[in-house]
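Contents: one structure, followed by commentary.
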Amino acid sequence: MHPLLEAIAQRSSLNHFDAEARLDDADIRELIGWASRAPSAFNLQNWRFIAVRSESGKQRLRQLAWDQPKVSEAAVTFILCGVLPDTAQLPARLQSSVNAGFMPAAMPHTWQQAAEQLYSDSPLARRDEAVRSATLAAATLMQAGQALGLGACPMTGFDTEAVASSFGLGADEIPVMLVAMGRARAGNWPQKPRRPLEQILELA
Ligand SMILES: Cc1cc2nc3c(=O)[nH]c(=O)nc-3n(C[C@H](O)[C@H](O)[C@H](O)COP(=O)(O)O)c2cc1C
């Protein structure tokens with residue numbers, strides 16, 4: 001089986017982490033480097049990652065996350081923030097694609113106009129985009145972690161307003177998901193069985 005498919009097949013949401021295992025800043029930078037390879041609309045990259053790895057930070061986050069032990073037992077718990085799209089930043093974000101020689105010079109402006117049409121009158125569309133981008137980054141982060149021998153658990157069991165305030169999120173940032181990550185310890189369940197394709201797939 002292809003290693004990527006093997007990883008998808010083997011992944012499970014961990015409940016038990018080795019509380020002694022640590023990740024250093026270089027490990028965390030590597031993980032977020034991979035997470036940032038996730039796609040985002042217009043390549044907005046409208047996300048921010050807070051790596052909570054100090055003991056005090058993890059305890060503070062745990063209290064805001066239903067006191068789930070894995071928040072502090074994992075080596076790091078990431079707060080994945082989705083950022084409401086700011087179309088004014090788009091030309092600068094796309095300039096490196098122009099500089100690399102594959103994107104026509106006029107395209108950033110065209111994309112900016114399209115993005116303005118999509119988001120300007122719709123707070124819901126802006127919020128959806130922030131949630132989508134952070135969610136795709138979360139999935140990519142978990143896959144990268146697995147490839148590096150780590151396990152993870154995505155979490156939405158937390159008080160969003162309290163996390164936003166306690167960790168200083170901006171008014172345009174949504175704490176979309178927590179991802180606890182570290183070394184697995186014994187006692188975790190395997191991946192749970194999934195619904196049959198007949199119930200979830202429509203071949204149109
Ligand atoms: C959006 C989202 C929120 C979740 N929130 C929590 C959570 O707060 N606490 C927890 O223990 N697991 C949480 N999970 C993990 C799910 O319970 C888990 O993915 C699901 O039971 C399937 O298990 P598996 O991934 O091991 O097959 C969450 C998963 C997702 C995708």
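Ligands are counted one by one from 1 in listed order, and the atoms in each one are counted from 1 as well.
- When only interatomic distances are considered, the shortest N/O to N/O separation between Gln191 and ligand 1 does not fall below 3.5 Å.
- Ligand 1 has a nitrogen or oxygen under 3.5 angstrom from a nitrogen or oxygen of Ser13.
- With hydrogens and angles ignored, the 3.5 Å screen pairs a side-chain donor or acceptor of Arg60 with a backbone N or O of Ser166.
- Taking every heavy atom of Gly157 and a limit of under 4.0 angstrom, the matching atoms of ligand 1 come to 8 (O).
- Residue-ligand proximity, Ser12 to ligand 1, at heavy-atom distances under 4.0 Å covers atoms 26 (O).
- Few gaps surround CZ on Arg194; more than 12 heavy atoms of other groups in view lie less than 6.0 Å from it.
- Other residues, nucleotides and ligands contribute more than 12 heavy atoms inside 6.0 Å of the CD atom of Gln59.
- Using a 4.0 Å cut-off between heavy atoms, Cys153 contacts ligand 1 through its side chain alone, with no backbone atom that close.
- In terms of protein heavy-atom proximity, atom 6 (C) of ligand 1 is nearest to Pro154 O, 3.3 Å.
- In this structure, Glu73 does not pair ionically with Arg62, as no charged nitrogen and carboxylate oxygen lie closer than 4.0 Å.
- When the heavy-atom distances from atom 20 (C) of ligand 1 to Met155, Arg194, Arg11, Lys192 are ranked, the shortest goes to Lys192.
- If you check which protein heavy atom lies closest to atom 9 (N) of ligand 1, you get Gln68 OE1, 2.8 Å.
- Taking Asn99 as the reference, Gln95 meet the side-chain hydrogen bond (donor to acceptor under 3.5 Å, both in side chains) condition, with sequence neighbours excluded.
- Salt-bridge check for Asp25 with Arg53: passed, with a basic side-chain N closer than 4.0 Å to an acidic carboxylate O.
- With distances taken over non-hydrogen atoms, the option nearest atom 1 (C) of ligand 1 out of Thr135, Val179, Val71, Thr156 is Thr156.
- Closest heavy-atom approach to atom 10 (C) of ligand 1 among the candidates Lys70, Met177, Met142: Lys70.
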Exercise. Would you sort out whether Gln117 and Gln113 count as a side-chain hydrogen bond (donor to acceptor under 3.5 Å, both in side chains), showing the intermediate values?
Key: CA-CA 6 Å; Gln117 258 189 355; Gln113 286 176 321; over 6 Å; no
